[in-house]
Amino acid sequence: MTSLTKKQDIKMFSSVKIQHEEFSYNIPFSNGIGQELTSSEFTGELLKNLIGNSAQEYVYAFYLDCHLKLIGIAPIALGSSTEALVSNKAIFQHALIYNADNIILGHNHPTGKLVFSNNDIQTFHRLENAGSFLGIRVLDFFVVSDTSYRSIREDQQI
């Protein structure tokens, strides 16, 4: 359901501009900005509604301030039906632009299977380590389908 609609320049904090691909969302994400993401249920539902029913694998990042309020959302990767390549650079570039203290990542599995792969777990650890150098915490990593979600922290697969 998520599809590219048009390119536009979006003015970000401190007059920094980046090229951004505008996505059409299933829910009004402007309503999520400013809300605290303190529960996996709320975060999982946001991600499920955003990318849960996509035929391709998407990776999104939610950027939060020190009070866990959502200050930004960014598409990180668009993959195939079985994988998406995640770049540390892309994730932390947005974090620095948003001046984020915390990040929550989510991706969908188009197959509907809510199982973290070994690659998912390794990616989470890699991002945690990279964030520690910048003072940015990677709080959680979600996998979603059109009906449900799983949190890597809740599953304690870390």
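- Taking each heavy atom of D101 and C66 in turn, the nearest pair found is OD2-N, 2.9 Å.
- Taking T123 as the reference, nothing meets the side-chain hydrogen bond (donor to acceptor under 3.5 Å, both in side chains) condition, with sequence neighbours excluded.
- Inter-residue side-chain proximity for R153 and S40 is flagged as unmet; no heavy-atom pair is nearer than 4.5 Å.
- Within the structure, side chain to side chain donor-acceptor pair (under 3.5 Å) pairs that include any residue of residues 129-139 comprise N102-R137 (at least two apart or interchain).
- Separation of atoms CG (N99) and OH (Y63) is listed at 13.0 Å; rounding is to 0.5 Å.
- Closest non-hydrogen pair, G44 versus Y149, comes out as CA-CG, 3.7 Å.
- Between D120 and I152, every side-chain heavy-atom pair lies at or beyond the 4.5 Å cut-off.
- Atoms CG and CD1, from L127 and I103 in turn, are 7.5 Å apart once rounded to the nearest 0.5 Å.
- By the side chain to side chain contact (heavy atoms under 4.5 Å, CB included) test, L114 pairs with V143, S145, S148, R150, sequence neighbours left out.
- Considering all non-hydrogen atoms of both residues, K113 and H109 come closest at O-ND1, 2.9 Å.
- Separation of atoms OG (S39) and CD (E154) is listed at 8.5 Å; rounding is to 0.5 Å.
- Between H94 and Y98, the ring planes lie parallel to each other; the angle is under 30°, not in the 30° to 60° tilted range.
- No side-chain heavy atom of L64 sits less than 4.5 Å from a side-chain heavy atom of I71.
- Of all heavy-atom pairs between F42 and E36, the closest is CD2-O, 4.1 Å.
- A ring-ring contact (aromatic ring centres under 6.0 Å, His included) with H107 holds for exactly one of F141, Y58, Y60; it is F141.
- G106 and L47 get closest at one heavy-atom pair: CA-CD1, 3.8 Å.
- Closest non-hydrogen pair, L139 versus I104, comes out as CB-CG1, 4.0 Å.
- Atom OG1 of T43 is separated from atom CD of Q35 by 10.0 Å, given to the nearest 0.5 angstrom.
- Between the CD1 atom in I136 and the CZ atom in F92 there is a gap of 6.0 Å [rounded to 0.5 Å].
- Put simply, CD1 on I33 and CG on L70 are 4.0 Å apart, with the number rounded to the nearest 0.5 Å.
- Remark: side-chain polar atoms of N108 are paired, donor with acceptor, to backbone N or O of Q56 under 3.5 angstrom.
- Side-chain contact between L105 and F142 is absent, with no heavy-atom pair separated by less than 4.5 Å.
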